[in-house]
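The chains referred to below are lettered A, B, ... by the order of the sequence lines, with proteins before strands, and numbering in each begins at 1.
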There are 4 protein chains.
Amino acid sequence: MGGIHGDKYEAILDAAYTVFGTKGFYESKISEIAEQAGVAKGTVYLYFKSKEQLFTAVTRRDCEQYLAEMQGALANRALEEGLLRMANLHLHYYYKRKQHTKLFFMTPNSDPDLMEFMRGFIQDYTDMVKNKLALEGVRQPELHAKAFIGMMERLKMDILLDKDFREYDVDQTAEFAANLFMHGCKAGSGIRRL
Amino acid sequence: MGGIHGDKYEAILDAAYTVFGTKGFYESKISEIAEQAGVAKGTVYLYFKSKEQLFTAVTRRDCEQYLAEMQGALANRALEEGLLRMANLHLHYYYKRKQHTKLFFMTPNSDPDLMEFMRGFIQDYTDMVKNKLALEGVRQPELHAKAFIGMMERLKMDILLDKDFREYDVDQTAEFAANLFMHGCKAGSGIRRL
Amino acid sequence: MGGIHGDKYEAILDAAYTVFGTKGFYESKISEIAEQAGVAKGTVYLYFKSKEQLFTAVTRRDCEQYLAEMQGALANRALEEGLLRMANLHLHYYYKRKQHTKLFFMTPNSDPDLMEFMRGFIQDYTDMVKNKLALEGVRQPELHAKAFIGMMERLKMDILLDKDFREYDVDQTAEFAANLFMHGCKAGSGIRRL
Amino acid sequence: MGGIHGDKYEAILDAAYTVFGTKGFYESKISEIAEQAGVAKGTVYLYFKSKEQLFTAVTRRDCEQYLAEMQGALANRALEEGLLRMANLHLHYYYKRKQHTKLFFMTPNSDPDLMEFMRGFIQDYTDMVKNKLALEGVRQPELHAKAFIGMMERLKMDILLDKDFREYDVDQTAEFAANLFMHGCKAGSGIRRL
DNA sequence: GATGAATGAGGGTTCATTCAT
DNA sequence: TATGAATGAACCCTCATTCAT
């Protein structure tokens, strides 16, 4: 046995992560996920009630890993250093997921569980940053948190979509973001290319 | 006849804008769009080759209107004032489209025309900001442009998803964004609520 | 154009009558009905919302034809003669439908429309007999009506299931039934075989 | 161990009786029967080769009990008294099974064993009545037997479907049926309501 | 141009049955 | 015997697209 759910559960989830991530929810077929997982189509339905719930489970697992990785980034650090670490984690996380971009764009409409979960996830992520900012005396910490995350999201896009993006570019982008957020656009950092 | 394409063309485009915007691409039905446009299903195919191309046309029209509105925002202004105007336009634009959120999230995979167009649109938008920043001597103008737009995108989300967002909140959010971008997070603006 | 619904509508109904009648509801496939009707599978759904509703429509048409044929049997006749005619109609009706026995046995559970319709049909049929009996002074006309129809139903079964049943046997069975109902079992009729 | 087949065998048969009786053959799931019987799904297949055979076994047991109860009803009695007893048994039998109506309506097509058994059961039941009638000098005893049973079947329907049917109504219905069969419709019995 | 009836490929889901443990 | 995870065939229904009128 693998996890608490068993090997097949994990295999299906992994396969779904790959297929959904590659094609998006609507263009993915359960049969393909099953095949990729090495199980029969019916087996998928032993573990997940529907295609929507499978997608939700994939998303949930991914977001939870994400938040877990973020947890330590801000603790016990000066603000700028914490933000820099966070920016690094954020961008590297997606850099590793370059092959799964569709997971983040093509989500189903209908499933209320998923909508609810996503709302919660975004809130949790925002709160994490907001609390740190508040602690450091930044005013309007929630708005600032959202703006910071928004910057990261946009910079992440380049990473996802640009074939030529290299890992060291990620570090420089993170440094740029933290610096801009702290000091504004006039305080040019020492980044040379990009 | 209305536009160069004829009344029906516009009617279908308008209907598609509404339906796609409400339900997303995959959950929208051509039959519903046709009904909403007051034409027969077959008529849609006289004007658009496929569902994908109709979606692309809707998106294209919307993005072009957007860029057109943005054009004048930055010209002949000081940087901070230009960014503020731009932030205002950006956020108000989506505020007016609160009912069509799905248009921005649920797009189809498959259509290469759309992908190509979206890439071009994002590039044009970025360039518009980048050129202004370069003119003002900001280093790494492209990265800065992306970061600014990313901030706006995230702040826009609240507007789209928050039922209670009011129009004057939009203005304050824009002011906040421009200020943060110019001076960094420590230089608290005078915004009180939000 | 054939009826008010068009040729395809009738073709599908006829095909459904045959297939449902031969295999019963659950063992019948829409694809087979479509094929038999000479239309595509999807076409069935242009005329009928679901398999259940198609079955209901088939049943409804059949029952309505049945009641229509029965209408004249009892009017302006002496009781015994009327019952004899009715018995004849009842039995001949099913004799003609020997190939469609499943239509009467294998009906779906779920459809409330069908349940409601069948209840109404049985009631109408019963009332037709009941009213005649009441007019002729028979006490408890409803119970008597049900008993008479029950007799016919059982005698019909032999006709449906017995390969060797011939049309002239039908007449004799009808005569027997009317006689039994009028006079009881001791008043043996002159029927010789069966 | 309970019967010759073991406790599980009986438990499955009982569960199947309940589930098939409530939902009919096609809408019943083996998994539900297994659950109700307190055994695993696979266990059902240790005792019954298929869903059809389980249904056949349920039907067989029920019919055999029925015939067994009927056996004594006609022996050593005058005809009218025997028929009355039989009518009573017939109607009370179904009265007790009001909750299991689907068992009698929704049977599968495919199983030849079941078809064969049902044919035999009906024949046995008919013969039982036929022999008594022949003994009493009634002509065409088989036809008369079928007519009598048909009457009972129809009258039974009211009992199964009418929520308000009470046990004493059953007795009066039986009396009515026996009387009608003996003397015809003009010889009104003294039944007052129904 | 405009219509809408007709098409048919396609996929999510169910569930009887099997079999390794 | 007993289990229940796994299988995969089967089928209803949807809907983008076509085309005769």
Side-chain angles (χ1 to χ4, degrees), chain A residues 6-9 12 26-35 37-54, chain B residues 1 6-9 12 25-35 37-55 108, chain C residues 1 6-9 12 26-35 37-54, chain D residues 6-9 12 25-35 37-55 108:
Chain A
D7 284 343
K8 293 257 164 64
Y9 180 90
I12 293 167
Y26 289 100
E27 308 271 352
S28 298
K29 290 177 264 179
I30 288 287
S31 61
E32 192 184 350
I33 292 171
E35 192 185 15
V39 301
K41 223 177 349 159
T43 306
V44 174
Y45 287 87
L46 291 180
Y47 294 95
F48 303 94
K49 246 177 92 174
S50 67
K51 193 185 177 190
E52 271 86 5
Q53 293 216 350
L54 176 54
Chain B
M1 300 301 150
D7 285 342
K8 295 248 166 72
Y9 180 90
I12 292 166
F25 177 77
Y26 289 101
E27 309 271 352
S28 297
K29 290 180 264 178
I30 289 288
S31 61
E32 191 183 351
I33 291 171
E35 191 186 16
V39 302
K41 234 185 321 174
T43 306
V44 174
Y45 287 87
L46 293 180
Y47 293 93
F48 302 93
K49 232 175 106 180
S50 67
K51 191 184 178 189
E52 273 84 6
Q53 293 215 350
L54 175 55
F55 187 88
Chain C
M1 303 298 155
D7 284 343
K8 294 256 164 63
Y9 180 89
I12 293 166
Y26 290 100
E27 308 272 349
S28 297
K29 290 177 264 178
I30 288 288
S31 61
E32 192 185 349
I33 291 171
E35 193 185 12
V39 301
K41 227 180 341 165
T43 307
V44 174
Y45 288 88
L46 292 181
Y47 293 95
F48 302 94
K49 249 177 90 174
S50 66
K51 193 185 176 189
E52 271 86 5
Q53 293 215 352
L54 176 54
Chain D
D7 285 342
K8 295 248 165 73
Y9 180 90
I12 293 167
F25 178 77
Y26 289 100
E27 308 271 352
S28 297
K29 290 181 263 178
I30 289 287
S31 61
E32 192 184 350
I33 291 171
E35 192 186 15
V39 302
K41 232 187 321 174
T43 306
V44 173
Y45 286 86
L46 293 180
Y47 293 95
F48 303 94
K49 232 176 108 181
S50 68
K51 192 186 179 189
E52 274 84 6
Q53 292 216 350
L54 174 55
F55 186 87

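The residue D:Y47 sits close only to the backbone: its heavy atoms come under 4.0 Å of sugar-phosphate atoms, none of a base. If you check every strand for non-hydrogen atoms under 4.0 Å, C:I30 touches sugar and phosphate atoms only.
Here E:dG1 presents its P atom at 10 Å from CD1 of B:I12, a figure rounded to the nearest Å. The interatomic distance linking D:K29 (NZ) with E:dA16 (C1') rounds to 12 Å, in whole Å. Distance CD (A:E35) to P (F:dG8): 12 Å, rounded to an integer number of Å. Look at CG on D:D7: it is 12 Å from P on F:dT1, rounded to the nearest Å. In this structure, the OH atom of A:Y26 is 16 Å from the P atom of F:dT14, given to the nearest Å. A:F48 places its CZ atom 12 Å from the P atom of F:dA6, with the value rounded to the nearest Å. Computed from coordinates, the A:E52 CD to E:dG11 C1' distance equals 13 Å when rounded to whole Å. Across the protein-nucleic acid pair, A:K51 atom NZ and E:dG10 atom P stand 15 Å apart, rounded to whole Å.
For B:A40 and D:G42, each mapped to the nucleotide of DNA chain E holding its nearest heavy atom, the one lying further toward the 5' end belongs to B:A40. Between C:Y45 and B:K49, the residue whose closest nucleotide on DNA chain F is further toward the 5' end is C:Y45. Of the residues near DNA chain F, D:V44 and A:K41, the one whose nearest nucleotide (by heavy atom distance) lies more toward the 5' end is D:V44.
Smallest separation of non-hydrogen atoms from B:V44 and B:A34: CG2-CB, 3.9 Å.
For E:dC15, the OP1/OP2 oxygens have no side-chain nitrogen or oxygen of D:S31 closer than 4.0 Å. Between C:K8 and the phosphate of E:dA6, there is a side-chain N or O to OP1/OP2 separation shorter than 4.0 Å.
A donor-acceptor pair under 3.5 Å links the side-chain atoms of D:K51 to the main chain of D:F25, judged by distance alone.
Atoms OH and OG, on C:Y26 and C:S28 in that order, are 11.5 Å from each other to the nearest 0.5 Å. Note that CD of C:Q53 is 16.0 Å distant from OH of C:Y47, once rounded to the nearest 0.5 Å.
Counting only heavy atoms from C-beta outward, the side chains of A:I30 and A:L54 approach each other to under 4.5 Å.
For F:dG4, the paired base is E:dC19 (Watson-Crick or G-U wobble, both distances below 3.5 Å).
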